[in-house]
Structures are given as structure tokens and as C-alpha cells.
Amino acid sequence: EETTYIVKEVGTRAVVNLNNTVIALNAPDTLAGGFSEAYGINDNNQVVGYGTTQFTSETLQTSIDECADEDSRGDRPIESCLSSIIGSFSSSVSAFAQLRGLIWQLDDQGQVIETQQLGILFEPEADDTKNYSSQALAINDNGIAVGISNGLYIEDDVNVVRNFGVIFNQNDIINLT
């Protein structure tokens with residue numbers, strides 16, 4: 001009896017429809033297919049959203065390595081093993097990766113010619129291993145985006161991470177709250 005496997009190559013991938021052509025917008029870090037979402041586009045073919053910029057989970061890398069090992073995965077095809085990993089990690093990607101707002105610049109044919117990574121409102125300490133995120137949600141025709149970013153809020157002399165509304169203008173991140 002033959003077994004058919006249905007596999008998933010990515011968790012979530014942003015796409016844009018430009019001139020009736022669907023274009024995939026990959027995340028900067030494509031481990032396990034990467035994860036990206038898009039929210040808006042302007043008249044200059046700049047698309048905003050967010051994506052994985054760095055996977056930080058040793059568990060994810062170990063799982064991928066085990067898929068590559070025939071003894072670990074058994075009779076299962078490597079594609080099916082990887083698909084299972086993608087499915088299990090995609091529902092909680094923020095726990096396993098750094099996520100940053102992105103601006104994908106497309107040319108008139110719909111090719112991605114540049115992917116700009118947007119930052120967060122603060123610079124984490126060098127030994128900080130937590131995952132932080134930002135998202136770009138809309139962009140005007142001047143290339144100024146709005147979205148959200150993790151930032152620090154001091155509460156009872158303790159730094160607490162919160163989401164803040166922000167403007168992304170070139171390399172500047174402006175807190176709106």
C-alpha cells in the first residue's frame with residue numbers, strides 16, 4: 001500500500017498581488033521556510049509587514065537536524081518530517097525567533113529588489129536572549145510606515161516590555177505613546 005504525504009514548505013508566507021501576479025515575500029531568515037505576513041502596499045510598490053529575522057531556538061535546529069538523520073526519522077520522507085516541524089512551530093513563531101517589521105521594495109515587474117528590516121524601540125543588552133518584535137502595518141507614498149514595536153516601560157523600578165504604536169521613518173523609530 002502506497003502512502004501519500006501532504007507537506008507544508010512554509011509556516012506563513014506573505015504575498016502580494018501586483019498586476020495580477022502573485023509574488024511571494026520571503027522573510028530574511030528562512031529556516032523552516034521562514035515566516036512573514038504583509039499588511040499594506042503604497043503606490044511606489046513598497047509592501048509592509050513583518051517576518052523572521054533570526055531564529056533563536058536550539059529546539060528548532062535540533063528538530064531539523066533530526067529530520068536529516070534517517071535513523072531518527074525512520075521511513076518518513078524528510079519533506080514530511082520538516083512539514084511537521086513547520087506546523088508545530090508556526091503557531092508560536094514569536095517564541096522561537098526575532099520578528100521585525102519589514103518593507104519589501106518591488107520593481108514594476110513585481111520582483112523584490114530590497115527588503116528593509118525595521119528595528120525596535122530599544123537596544124537589548126548584549127546578553128539578553130529574549131525575543132522581541134516589531135510590525136509595520138501601513139505605509140504612505142513617502143515611504144513612512146506605521147506599526148507597533150516592543151519597547152521598555154518602567155513599572156515599580158522594573159523594566160517591562162510592552163507594545164507601542166510607532167512610526168518608521170527611514171532608520172528612525174518614533175514612539176507615538
* To do: Would you please test Q116 and L102 for side-chain contact (heavy atoms from CB on, under 4.5 Å) and show each step?
  => CA-CA 6 Å; Q116 178 185 355; L102 300 171; over 6 Å; no

* Asked: So R162 and E155, side-chain contact (heavy atoms from CB on, under 4.5 Å) or not? Walk me through it.
  -> CA-CA 11 Å; R162 299 275 190 253; E155 184 176 286; 3.6 Å; yes

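The minimum heavy-atom distance between A38 and A14, with the atom names listed, is N-CB, 3.4 Å. N175 approaches G165 most closely through the heavy-atom pair OD1-O, 3.6 Å. Taking all atoms of both residues into account, the shortest heavy-atom contact from V112 to A24 is CG2-O, 4.2 Å. What you find for I103 and Q46 is that their closest heavy atoms are CG2-CB, 4.0 Å. Taking each heavy atom of E37 and T12 in turn, the nearest pair found is CG-CG2, 3.7 Å.
N169 meets the side-chain hydrogen bond (donor to acceptor under 3.5 Å, both in side chains) test with no other residue; sequence neighbours excluded. Remark: Y153 engages no residue in a ring-ring contact (aromatic ring centres under 6.0 Å, His included) (not counting sequence neighbours). Residues forming a ring-ring contact (aromatic ring centres under 6.0 Å, His included) with Y39 (at least two apart in sequence, or on another chain): none. Under the side-chain hydrogen bond (donor to acceptor under 3.5 Å, both in side chains) criterion, D128 pairs with Y132, sequence neighbours left out. Taking N140 as the reference, nothing meets the side-chain hydrogen bond (donor to acceptor under 3.5 Å, both in side chains) condition, with sequence neighbours excluded. Take T3 and apply the side-chain hydrogen bond (donor to acceptor under 3.5 Å, both in side chains) test, not counting sequence neighbours, and it matches no residue.
Identified under the disulfide (SG to SG under 2.5 Å) test for residues 97-144, with sequence neighbours left out: none. Sorted by first and then second residue, the disulfide (SG to SG under 2.5 Å) pairs involving residues 46-105 (not counting sequence neighbours) are C67-C81. Pairs engaging residues 143-177 under the disulfide (SG to SG under 2.5 Å) rule: none recorded [sequence neighbours left out]. Within the structure, no pair that satisfies the disulfide (SG to SG under 2.5 Å) test touches residues 112-162, not counting sequence neighbours. Within the structure, side-chain hydrogen bond (donor to acceptor under 3.5 Å, both in side chains) contacts touching residues 13-22 (residues at least two apart or in different chains) are R13-N26. Among pairs with a residue in residues 55-70, those fulfilling side-chain hydrogen bond (donor to acceptor under 3.5 Å, both in side chains) read T56-N131, Q61-D65, D69-S72, at least two apart in sequence or across chains.
By the 4.5 Å heavy-atom criterion applied to side chains, R76 and S84 are counted as neighbours.
Atom CD of Q98 is separated from atom OG of S133 by 8.5 Å, given to the nearest 0.5 angstrom. Separating the CG atom in N45 from the CH2 atom in W104 is a distance of 14.5 Å, to the nearest 0.5 Å. To the nearest 0.5 Å, the span separating CG on L99 from CZ on F55 amounts to 8.0 Å. With rounding to the nearest 0.5 Å, the separation of CZ in R73 from CD in E79 is 8.0 Å.
Between the N42 side chain and the N44 main chain, a donor and an acceptor come within less than 3.5 Å of each other. Formation of a donor-acceptor pair under 3.5 Å by the S134 side chain with backbone atoms of G119 is found in this model. No donor-acceptor pair under 3.5 Å is formed between the side chain of D71 and the backbone N or O of G74. A donor-acceptor pair is defined here as one N or O able to donate and one able to accept, closer than 3.5 Å; such a pair exists between the side chain of S36 and the backbone of L25. Judged purely by atom type and a 3.5 angstrom limit, N159 has no side-chain atom pairing as donor or acceptor with the backbone of L152. Using a distance-only test at 3.5 Å, with no hydrogens or angles considered, a donor-acceptor pair links the side chain of S149 to the main chain of L121. Proximity of a side-chain donor or acceptor of N163 to a complementary backbone N or O of I148 within less than 3.5 Å is not detected.
Under a hydrophobic-cluster definition in which Ile, Leu, Val, Met, Phe, Trp and Tyr are linked whenever side-chain heavy atoms come within less than 4.5 Å, directly or via other members, F168 and L137 are assigned to different clusters. Criterion: ILVMFWY side-chain heavy atoms under 4.5 Å apart, direct or through other members. Under it, V48 and Y50 are not part of a common hydrophobic cluster. Under a hydrophobic clustering in which Ile, Leu, Val, Met, Phe, Trp and Tyr are joined whenever their side-chain heavy atoms come within less than 4.5 Å, directly or via other members, L31 and L82 fall into the same cluster. In terms of hydrophobic clustering, with Ile, Leu, Val, Met, Phe, Trp and Tyr side chains grouped at heavy-atom distances under 4.5 Å, V10 and I64 are assigned to different clusters. Linking ILVMFWY side-chain heavy atoms closer than 4.5 Å, directly or via other members, places I139 and L106 in two distinct hydrophobic clusters.
Inspection of the Q111 and D107 side chains reveals no N or O donor paired with an N or O acceptor under 3.5 Å.
A side-chain contact (heavy atoms from CB on, under 4.5 Å) with V166 is found for one member of L176, I174, I173 and no other, namely I173.
Residue-environment remark: CD1 (I113) exceeds the threshold of 12 foreign heavy atoms within 6.0 Å.
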